Amino acid sequence: MTKDVLVSVCGYQFDVNEEEAIELITDGEYYFKNGKHYIIYEEQLSPEDGLTKNVLKIGNGIVELIKRGDGNLHMMFESGKKNYSNYSTPIGPMFVGIDTKEMEFLEQEGQMELCIRYDLEISGSYVSKCEIKIKVESKKGSC
């Protein structure tokens, strides 16, 4: 995998009456250190939002997603485990629960794919079933 990568993120929230999707394709950086994959990328969900710096850490059956920007969040995913985090937002803090149901990670030469299915809770109340799919590909050189 090269240092310069293309990161594709698709996030889904499955509610009773609708399916909400967030899609992002952006440039990123890849590192492999101490047996873990690190992917660093920025996102801006709308023109009104500030930039959010994301660090995705994959290794030892654990995936961590750390978000720093208008809101700060540290999500931890482990199959069959529920993890909690404080989500700092401009309108105030929220207590978030992530109950990871399934994780799939596929690594091939020049690319990685990650799929996580989890239940989301906010302040102890169930919100929805969620899925996040992340694909990381080495950037090809240009002429």
Side-chain angles (χ1 to χ4, degrees), residues 1-15 18-142:
M1 183 80 71
T2 61
K3 176 185 174 190
D4 295 321
V5 293
L6 188 63
V7 181
S8 302
V9 180
C10 292
Y12 304 93
Q13 258 188 305
F14 303 99
D15 296 326
E18 64 184 80
E19 178 182 310
E20 181 181 317
I22 296 174
E23 296 183 57
L24 169 73
I25 298 174
T26 189
D27 294 327
E29 294 181 4
Y30 169 81
Y31 301 94
F32 186 78
K33 184 177 177 182
N34 298 325
K36 294 181 182 176
H37 303 275
Y38 292 83
I39 298 95
I40 300 166
Y41 62 96
E42 292 181 340
E43 69 180 314
Q44 186 174 18
L45 297 178
S46 74
E48 301 85 41
D49 294 333
L51 281 177
T52 299
K53 183 175 182 177
N54 297 289
V55 177
L56 181 66
K57 188 183 337 180
I58 305 168
N60 303 321
I62 299 172
V63 174
E64 294 179 69
L65 179 57
I66 302 160
K67 295 177 164 282
R68 299 280 183 248
D70 286 346
N72 297 318
L73 177 63
H74 184 159
M75 300 171 80
M76 186 173 295
F77 303 94
E78 296 178 79
S79 284
K81 290 189 178 181
K82 187 186 288 189
N83 290 292
Y84 296 94
S85 178
N86 286 313
Y87 184 17
S88 167
T89 73
I91 59 171
M94 291 189 286
F95 189 62
V96 177
I98 305 291
D99 189 359
T100 307
K101 301 299 181 183
E102 185 179 0
M103 287 195 311
E104 299 169 13
F105 178 67
L106 176 63
E107 182 180 7
Q108 299 174 351
E109 187 173 331
Q111 78 174 31
M112 296 183 296
E113 293 182 36
L114 175 68
C115 182
I116 303 171
R117 293 173 190 88
Y118 61 98
D119 288 346
L120 177 66
E121 294 178 1
I122 295 179
S123 299
S125 296
Y126 172 83
V127 175
S128 67
K129 291 188 179 304
C130 300
E131 181 177 283
I132 186 168
K133 293 181 179 182
I134 300 171
K135 185 175 184 178
V136 180
E137 296 178 281
S138 292
K139 286 177 111 177
K140 309 282 190 264
S142 57

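Here the structure is a predicted model, which means the values were calculated and not measured.
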For a quick test of your reading: what N or O donor-acceptor pairs under 3.5 Å do the side chains of residues 127-135 make, sequence neighbours left out?
residue: Ser128; atom: OG; partner: Gln13; partner atom: NE2; Å: 3.1
residue: Glu131; atom: OE1; partner: Arg117; partner atom: NE; Å: 2.9

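- By the 4.5 Å heavy-atom criterion applied to side chains, Lys57 and Ile39 are not counted as neighbours.
- Salt bridge status for Asp27 with Lys139: present, with a side-chain N to carboxylate O gap under 4.0 Å.
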request  = Could you please spell out the steps behind the side-chain contact (heavy atoms from CB on, under 4.5 Å) verdict for Tyr41 and Val5?
outcome  = CA-CA 9 Å; Tyr41 62 96; Val5 293; over 6 Å; no
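- Here Tyr31 contributes atom OH and Lys3 contributes atom NZ; the two are 4.0 Å apart, rounded to the nearest 0.5 Å.
- The structure places OH of Tyr87 at 9.0 Å from CE of Met75, a figure rounded to the nearest 0.5 Å.
- Ring orientation note: the planes of Phe105 and His37 are tilted relative to one another, at an angle of 30° to 60°.
- Using a distance-only test at 3.5 Å, with no hydrogens or angles considered, a donor-acceptor pair links the side chain of Ser138 to the main chain of Thr2.
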Step-by-step ring-ring contact (aromatic ring centres under 6.0 Å, His included) determination, Phe95 to Tyr84 = CA-CA 7 Å; Phe95 189 62; Tyr84 296 94; 5.3 Å; yes
request  = Please lay out, stage by stage, how Lys33 and Tyr38 fare under the test side-chain contact (heavy atoms from CB on, under 4.5 Å).
outcome  = CA-CA 8 Å; Lys33 184 177 177 182; Tyr38 292 83; 4.0 Å; yes
request  = Verify side-chain contact (heavy atoms from CB on, under 4.5 Å) between Val63 and Leu56, making sure each step is shown before the conclusion.
outcome  = CA-CA 7 Å; Val63 174; Leu56 181 66; 3.7 Å; yes
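- Nearest approach of Glu64 to His74, heavy atoms of both residues: OE1-NE2, 2.6 Å.
- Between Asp119 atom CG and Lys101 atom NZ the span is 4.5 Å, to the nearest 0.5 Å.
- In this structure, Gly50 and Asp70 approach most closely via the heavy-atom pair N-OD2, 3.0 Å.
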request  = Go through Val96 and Leu120 one step at a time and tell me if the side-chain contact (heavy atoms from CB on, under 4.5 Å) criterion holds.
outcome  = CA-CA 7 Å; Val96 177; Leu120 177 66; 3.6 Å; yes
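- Just one residue in the list Ile58, Ile116, Asp99, Ile62 forms a side chain to side chain contact (heavy atoms under 4.5 Å, CB included) with Phe77, and that residue is Ile116.
- In terms of modelled atom types and a separation under 3.5 Å, the side chain of Asn72 and the main chain of Ser88 share no donor-acceptor contact.
- The shortest non-hydrogen separation linking Met76 to Asn83 is O-ND2, 3.3 Å.
- Taking CG from Asn54 and CG from Leu65, the interatomic distance works out to 5.5 Å, rounded to the nearest 0.5 Å.
- The environment of Ile122 atom CD1 is dense: over 12 non-hydrogen atoms of other residues, nucleotides or ligands sit within 6.0 angstrom.
- Note that CG of Asn86 is 10.5 Å distant from CE of Met94, once rounded to the nearest 0.5 Å.
- Taken from CD in Glu78 to CG in Asn60, the straight-line distance is 10.5 Å, to the nearest 0.5 Å.
- Residues Glu121 and Lys82 form a side-chain contact, since some pair of their non-hydrogen atoms from C-beta on lies under 4.5 Å apart.
- Contact record, Lys53 with Glu42: CA-CG, 4.3 Å, taken as the closest heavy-atom pair.
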